[in-house]
Amino acid sequence: MTTSAIPGTPAIPGTPAVPGTSAIPGTPAVPGTSAIPATSAIPGTPTAPGTAAVAGTPGPPDAPGTPSPLVRFERRGHIAVLTLDRPAVRNAVDSALAAALGAALTELDRDPALRVGVLTGAGPVFCAGADLKALAAGGVVHDPAHEDWGFAGIVHHPVRTPLIAAVEGAALGGGLEIALACDLVVAAEDARFGLPEVTRGLLAGAGGLIRLPRLVPVRAAMEAALTGEPVSAATARQWHLVNRLAPPGHALRAALELAERVAAHAPLSVQAAKRLVRAAAGGTSEDELWRVNAELSTRLLASRDAREGMTAFAERRPPVWHGC
């Protein structure tokens with residue numbers, strides 16, 4: 001009987017597709033590709049020194065008379081730092097920011113030299129959620145050109161590359177839902193997390209009420225959802241909502257340290273591990289999980305990186321990964 005791929009998960013590049021599955025459209029295979037220069041911008045956008053402006057956003061931050069990009073994209077070796085950049089409104093999400101973040105995530109997956117993404121916010125707040133003024137004026141908080149990406153261009157966006165949230169200050173409402181869409185969360189010790197939608201007559205409809213109960217005790221998720229009251233970073237750590245805590249002002253540094261540890265390993269193996277863990281957490285059937293587990297294991301065993309890993313172990317040297 002023909003089976004389908006795990007819903008919503010992309011194929012690993014450089015490997016044959018599982019029957020009935022496909023790679024993310026527009027992403028290149030790893031073999032034969034070259035790294036994008038550290039200062040290159042996403043196609044069609046200008047470049048600032050060391051950073052790239054995201055498609056659909058204004059020019060470089062130091063250009064006279066132009067505002068900063070809504071999402072800054074900076075390459076640091078094998079790691080990309082994505083920064084929400086609307087500090088005047090606590091990085092609240094409107095359609096323009098959603099389009100910029102969605103484009104940045106697409107670029108993260110498109111570049112084979114990038115192995116991990118770190119998502120953070122400019123200023124003292126990670127993200128205050130949806131831009132309620134924009135909503136009240138009839139605006140939207142997704143990219144109209146990519147409604148399938150969902151809120152902020154991220155909550156339904158299938159991202160192959162591991163993504164770490166670096167949270168300073170508040171991650172409330174949609175801000176928490178953005179963090180929940182990431183794979184790992186590093187937070188400052190004074191950060192706060194919450195779903196205050198019930199206090200505004202709204203629903204946390206961008207995944208907060210779906211993902212939170214999968215990650216924390218159900219009664220903890222229920223209290224957060226029904227009271228709308230934020231919890232401290234220490235409580236979030238106890239709930240296993242947060243992976244690591246950092247001193248205030250150092251969440252990004254700690255997230256980059258964690259990202260370096262992930263980026264040190266074989267990219268295809270890391271992507272396969274992420275895919276299976278997310279599928280298992282999302283309720284994919286046991287039979288389907290074991291089927292895809294077997295197929296991914298077979299693919300990886302045939303990869304150049306698997307041979308390199310075993311050879312390096314036998315030769316007692318660090319492996320050199322090729323991403324294929």
Side-chain angles (χ1 to χ4, degrees), residues 36 39-76 79-111 114 117-157 159 161 163-182 206 251-252 255:
I36 297 175
T39 58
S40 66
I42 294 175
T45 60
T47 304
T51 61
V54 175
T57 61
D62 55 351
T66 60
S68 297
L70 297 178
V71 175
R72 300 200 305 271
F73 191 106
E74 180 185 1
R75 290 173 172 82
R76 301 190 185 189
I79 299 168
V81 178
L82 287 63
T83 305
L84 308 179
D85 200 7
R86 296 187 76 203
V89 291
R90 302 194 300 170
N91 299 317
V93 177
D94 61 4
S95 62
L97 186 142
L101 180 54
L105 294 173
T106 298
E107 175 64 12
L108 173 66
D109 262 0
R110 182 177 290 138
D111 187 345
L114 295 174
V118 175
L119 178 60
T120 192
V125 173
F126 175 71
C127 178
D131 188 331
L132 297 184
K133 290 184 178 180
L135 284 176
V140 296
V141 288
H142 61 268
D143 178 4
H146 294 279
E147 294 188 13
D148 54 310
W149 290 346
F151 171 74
I154 186 174
V155 300
H156 292 308
H157 198 146
V159 181
T161 308
L163 194 59
I164 303 173
V167 178
E168 294 281 354
L172 301 176
L176 174 54
E177 290 171 313
I178 290 173
L180 289 170
C182 296
L252 178 58

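Considering Leu108, Val118, Ile178 as possible partners of Leu163, the one that fulfils the side chain to side chain contact (heavy atoms under 4.5 Å, CB included) test is Leu108. The residue from Leu70, Val125, Leu119 that alone fulfils the side chain to side chain contact (heavy atoms under 4.5 Å, CB included) condition with Leu84 is Leu119.
Between Leu105 and Gly153 the shortest heavy-atom distance is CD1-O, 3.6 Å. Here the shortest heavy-atom pairing between Phe126 and Ala165 reads CZ-CB, 4.4 Å. Pairing each heavy atom of Ala104 with each of Leu82, the nearest pair is CB-CD2, 3.6 Å.
Salt-bridge formation is detected for the pair Glu74/Arg76: a Lys NZ or Arg NE/NH1/NH2 atom is positioned less than 4.0 Å from an Asp or Glu carboxylate oxygen.
Pro87 pairs by the side-chain contact (heavy atoms from CB on, under 4.5 Å) definition with Asp85, Asn91, Ala122, not counting sequence neighbours. With sequence neighbours left out, Ala206 forms a side-chain contact (heavy atoms from CB on, under 4.5 Å) with Phe151, Val155, Glu177. Judged as a side-chain hydrogen bond (donor to acceptor under 3.5 Å, both in side chains), and not counting sequence neighbours, the contacts of Thr161 are Asp109. Listed by chain and number, the residues in a ring-ring contact (aromatic ring centres under 6.0 Å, His included) with His157 are Trp149 (sequence neighbours excluded). Under the side-chain contact (heavy atoms from CB on, under 4.5 Å) criterion, Ala98 pairs with Val93, sequence neighbours left out. The side-chain contact (heavy atoms from CB on, under 4.5 Å) test applied to Ala181 returns Ile154, Arg211, not counting sequence neighbours.
Identified under the salt bridge (Lys or Arg N to Asp or Glu O under 4.0 Å) test for residues 121-134, with sequence neighbours left out: Arg86-Asp131. Note on residues 164-175: no pairs pass salt bridge (Lys or Arg N to Asp or Glu O under 4.0 Å), not counting sequence neighbours. Residue pairs meeting the salt bridge (Lys or Arg N to Asp or Glu O under 4.0 Å) criterion with at least one partner in residues 117-126, sequence neighbours excluded, are absent. Legend: salt bridge (Lys or Arg N to Asp or Glu O under 4.0 Å) pairs involving residues 136-146, not counting sequence neighbours: none detected.
Counting only distance, with no hydrogens or angles, the side chain of Ser95 and the backbone of Val141 share no donor-acceptor pair below 3.5 Å.
No side-chain heavy atom of His156 sits under 4.5 Å from any side-chain heavy atom of His142.
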